[in-house]
Protein chains: 2
Amino acid sequence: MPLKNTGTEQHIKDTAKRLLFAEGKLHATTQEIADAAGVNRTSLHYYFRSRDQLIAAIFHDAMHDLSQRLNTCMTAGQPFKAKTENIIAVFLRHMIAFPYQETFLVTEINTLGQQLMSDIHSEPVMSYLKEAADEMEKGTITKMNPAHFLMNLFSLLSYPLIMAPLYEQLFGVSGEEFKALIDERGRVIMGLLFKK
Amino acid sequence: MPLKNTGTEQHIKDTAKRLLFAEGKLHATTQEIADAAGVNRTSLHYYFRSRDQLIAAIFHDAMHDLSQRLNTCMTAGQPFKAKTENIIAVFLRHMIAFPYQETFLVTEINTLGQQLMSDIHSEPVMSYLKEAADEMEKGTITKMNPAHFLMNLFSLLSYPLIMAPLYEQLFGVSGEEFKALIDERGRVIMGLLFKK
DNA sequence: TTTTATTTTAACAATTTTGTCTAACAAAAA
DNA sequence: TTTTTGTTAGACAAAATTGTTAAAATAAAA
């Protein structure tokens, strides 16, 4: 007999993902997750047995998605600069939606066991780094260890989003005004990474 | 009669600070903190009444330190470029020691109440941003909203440290090798932020 | 040495959070 | 319809975490 499959399981995962990765509620309880999803807490145990396994499930999904995204972007058949612009667009969109995903991963890494990280395959990244090195030879970007180039890219993308509440206070701007700043970042980042 | 003041209170704060801000143990229990400090858990309550108040205490200290550091660096009587080099050195040192401090602040901000953030006074930052704008006029740095310049600076400094475990996996390097990469970052960041 | 204030400890209580069990319910298959 | 399978809900149990109390230990002051 087929499962009824009313989508509750996926709905719980989506809700947990939102609480943890989007809203940064790092220690959301099973009750909070259930409430947010509008289901009884028991359903959570029915589908995932335990809180840990729910967390593990959404992490596994998230890592799989991330790996896919990296793979697709970095092995696309485009010139390096266009490829990088695309990476910025794709990852900026994702990081606006889920700014705390990577932070969560890192801070939970001890709890979760590191094998989750092995979902990320490094070959596409390595080939992108190789292309970056070629560009440095050509002189379109400043010479450095390509690892720095990649860290620079993701730093410039992610950090302002994670720290948004802090920066809104520091600059004395509203959420709306800050959003406008973020919209400019793609252009700013390209300007920094590539020589004129 | 004066307090004995054997330094236990400060020792507990230092230990909690290390667990939360340095090791990223975001939900360290009172027991874990007490164990790490080598004291009975009750001492924790004796000095701070509750877990929340302990957290609030270390946050208050941390915000105060941060505010001082910003103030000192940003109002120092130096040319802009030298000042920025100093900021990088000072903050890199601090962020190597306590990479999770800001992340923790942001994710706990709902719990802690936002008045803690008002400890950061924005005047020194604003005056630094003004100087950055002047430099853009002079042409030593690329023209942009000065807020971007500051976000770029702190992004490039902090993010790689927060994500160290991730990058070690991604690049397939050891902790030692990654540390060597981090040591290069000051130079890399200056190269990005300032025109040749 | 006795006193006194402070600090630390052990035992216990309260609360929060997680997990289990059983029964009720719903929908498709027999 | 009855049975079977899958899903949801309520009540309860267990575990983890926090908080309290009272007593013991410590060290300086009287």
Side-chain angles (χ1 to χ4, degrees), chain A residues 1-21 23-61 100 104 107-113 116, chain B residues 1-21 23-61 100 104 107-113 116:
Chain A
M1 187 192 261
L3 297 186
K4 256 202 249 173
N5 196 5
T6 53
T8 307
E9 179 170 359
Q10 189 59 44
H11 176 61
I12 292 172
K13 282 205 281 189
D14 290 344
T15 304
K17 202 174 152 191
R18 198 191 75 223
L19 286 179
L20 302 177
F21 298 163
E23 298 177 21
K25 302 264 165 61
L26 298 199
H27 20 259
T29 64
T30 53
Q31 187 64 63
E32 286 168 332
I33 297 170
D35 288 351
V39 303
N40 190 288
R41 193 171 58 83
T42 317
S43 298
L44 224 121
H45 286 96
Y46 173 71
Y47 288 109
F48 303 99
R49 305 270 322 166
S50 72
R51 183 183 189 277
D52 281 357
Q53 288 193 58
L54 166 60
I55 305 276
I58 62 174
F59 253 111
H60 192 276
D61 289 5
Y100 298 98
F104 200 113
T107 58
E108 298 291 271
I109 220 160
N110 306 302
T111 323
L112 285 166
L116 267 182
Chain B
M1 191 187 261
L3 298 187
K4 257 201 247 170
N5 195 8
T6 54
T8 306
E9 179 169 359
Q10 189 58 44
H11 176 61
I12 292 172
K13 281 204 282 189
D14 289 344
T15 304
K17 201 173 152 191
R18 196 191 77 223
L19 285 179
L20 301 177
F21 299 163
E23 297 177 22
K25 301 265 165 60
L26 298 198
H27 20 261
T29 65
T30 53
Q31 186 66 63
E32 287 168 330
I33 297 170
D35 286 354
V39 302
N40 191 287
R41 194 172 57 83
T42 317
S43 297
L44 224 122
H45 287 95
Y46 172 71
Y47 288 109
F48 303 98
R49 307 274 316 171
S50 72
R51 181 184 191 278
D52 281 358
Q53 288 192 57
L54 165 60
I55 306 277
I58 63 175
F59 253 111
H60 192 275
D61 289 5
Y100 299 98
F104 200 114
T107 59
E108 297 291 89
I109 219 160
N110 307 301
T111 323
L112 286 165
L116 266 183

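Order of the sequence lines fixes the chain letters, A, B, ..., with proteins taken first and strands second; residue numbering starts at 1 for each chain.
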Does B/Lys25 pair with B/Glu32 as a salt bridge, N-O distance under 4.0 Å?
no
Give a yes or no on whether the backbone of B/Ser50 and the side-chain of B/Gln53 come within a donor-acceptor separation of less than 3.5 Å.
no
Please tell me whether B/Asn40 and B/Thr42 have a donor and an acceptor in their side chains that are separated by less than 3.5 angstrom.
yes
Report the nucleotide, chosen from C/dG19, D/dT17, D/dG19, that has the shortest atom-to-atom distance to any side-chain atom of A/Arg51.
C/dG19
Separation of A/Phe48 atom CZ from C/dG19 atom P, in whole Å?
13 Å
Evaluate the ring planes of A/Phe59 and A/Phe104, with Trp represented by its six-membered ring, and classify them as parallel (under 30°), tilted (30 to 60°) or perpendicular (over 60°).
tilted
Using whole Å, what does the distance between atom C1' of nucleotide D/dG19 and atom CD1 of B/Ile33 come to?
14 Å
Could you tell me how far apart A/Gln10 (CD) and D/dT7 (P) are, to the nearest whole angstrom?
14 Å
D/dT18 phosphate, OP1 or OP2: any side-chain N/O from B/Thr30 under 4.0 angstrom?
yes
Any donor-acceptor N/O pair, A/His11 side chain to A/Ala37 backbone, under 3.5 Å
yes
To the nearest Å, how far apart are B/Tyr47 OH and C/dT9 C1'?
13 Å
Within this structure, what is the CZ-to-P distance between A/Arg49 and D/dT7, rounded to whole angstrom?
15 Å
Closest approach to the side chain of A/His45, judged atom by atom: which nucleotide of C/dT20, D/dG19, C/dT9 is it?
C/dT20
Can you tell me if B/Tyr46 touches the phosphate of C/dT9, counting only side-chain N or O atoms and a distance under 4.0 Å to OP1 or OP2?
no
Send over the distance from A/Asn40 CG to C/dC21 P, rounded to a whole Å.
17 Å
B/His27 NE2 to D/dT18 C1', straight-line distance once rounded to whole Å:
16 Å
Quick one: is D/dT20 close enough that its OP1 or OP2 comes under 4.0 Å of any side-chain N or O from B/Thr42?
no
Confirm from the modelled atom types if A/Arg41 and C/dG19 form a donor-acceptor pair under 3.5 Å, side chain to base only.
yes
Atom CG of B/Asp35 to atom P of C/dT8: distance rounded to whole Å?
16 Å
